[in-house]
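Worksheet: the structure to be examined is printed underneath.
It should be emphasised that the depicted structure is a prediction, and the values quoted were computed from it without experimental measurement.
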Amino acid sequence: MRYWLMKSEPDEFGIEDLRNRPDRTEPWDGVRNYQARNFMRDEMSVGDRAFFYHSNCKEPGIVGIMTISRAGYPDDTAFDPEDKHYDPKSDPEKPRWYRVDVTFERTLDRCISLAELKQHAQALEGLHLLRRGNRLSVMPVSADHWRYILSLE
DNA sequence: GCCAACGTTGGC
DNA sequence: GCCAACGTTGGC
């Protein structure tokens with residue numbers, strides 16, 4: 001079982017949106033970055049857990065926990081010309097982009113903000129989120145970092 | 001294969 | 001809204 005962190009802009013899709021979905025489950029689609037795709041396509045398994053991170057908002061940070069409820073499968077929003085994340089280079093015969101399904105587990109008691117995480121840079125050394133210029137929206141979190149971050153809650 | 005131009009991400 | 005950092009594109 002592995003741990004992850006996945007970013008979403010709360011104005012687009014936040015933790016409360018996930019909670020309100022049928023079965024509290026939603027495909028994590030629209031990711032158009034190869035490194036993030038590879039994690040979803042190749043390395044995520046059902047039962048893995050992930051931090052839900054709110055990005056590009058007033059208080060960026062970790063706000064909840066979700067579980068991976070379906071392993072990597074083609075992201076067919078890439079095939080839809082009407083879709084915001086349409087990619088004409090993704091061929092249904094050979095999909096370029098993948099997604100997983102995620103299921104709401106719980107919200108944290110409070111947002112563990114990016115600013116707070118930065119104050120623990122030493123204990124969280126290597127956490128991708130804290131690396132300079134980080135833009136990756138799906139990233140692994142070590143078991144040690146996972147536990148440490150939850151201990152801040 | 002290099003690299004400048006461009007578009008996007010995301011914190012502030 | 002600004003802008004630094006980054007990934008992608010495309011000319012050569």
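Within the cation-pi definition used here (under 6.0 Å to the ring centroid, within 45° of the axis), A/R37 does not qualify as a partner of A/F39.
Listed here is the closest heavy atom pair of A/A71 and A/M44: CB-O, 3.9 Å. Counting all heavy atoms, side chain and backbone alike, A/T67 lies closest to A/R49 at CG2-CG, 4.1 Å.
For the helix from B/dG1-C/dC12 to B/dC12-C/dG1, the end axes, each set by the C1' atoms of five terminal pairs, are bent relative to each other by 10° (nearest 10°).
One can place CG of A/L129 at 17 Å from P of C/dA5, the figure rounded to the nearest angstrom. Rounded to an integer number of Å, the gap from A/R132 CZ to C/dC3 C1' is 14 Å. One interatomic measurement links the two molecules: NZ of A/K58 to C1' of B/dC12, which rounds to 13 Å at whole-angstrom precision. For A/L130 and B/dC12, the CG to C1' distance is 16 Å, given to the nearest whole Å.
Checking A/G133 against A/K89, the closest nucleotide of DNA chain C that is more toward the 5' end is the one next to A/G133.
Within the 3.5 Å criterion, the main-chain N or O of A/E16 finds a donor-acceptor partner in the side chain of A/N20. At distances below 3.5 Å, not a single donor-acceptor pair connects side-chain atoms of A/R99 with backbone N or O atoms of A/G30.
The only option from A/T103, A/D23, A/D101, A/D48 that meets the side chain to side chain donor-acceptor pair (under 3.5 Å) definition with A/S69 turns out to be A/T103.
A continuous path of ILVMFWY side-chain contacts below 4.5 Å connects A/V141 to A/I68, so both sit in one hydrophobic cluster.
Partners of A/E125 under the side-chain hydrogen bond (donor to acceptor under 3.5 Å, both in side chains) rule, at least two apart in sequence or in another chain, do not exist in this structure. Taking A/F79 as the reference, nothing meets the ring pair (Phe, Tyr, Trp, His ring centres under 6.0 Å) condition, with sequence neighbours excluded. For the side-chain hydrogen bond (donor to acceptor under 3.5 Å, both in side chains) test, no residue two or more places apart in sequence or in another chain qualifies with A/E59.
Near DNA chain B, meaning a heavy atom under 4.0 Å from it, residues 114-123 of chain A has A/L114, A/K118 in order of number.
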Using the 3.5 Å cut-off, write out each protein N or O paired with an N or O of nucleotides 7-9 of chain B and the distance between them.
residue : atom : partner : partner atom : Å
B/dT8   : O2   : A/R135  : NH2          : 3.1
B/dT9   : O4'  : A/R135  : NE           : 3.4

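Taking the six-membered ring for Trp, A/F51 and A/W4 have ring centres at least 6.0 Å apart.
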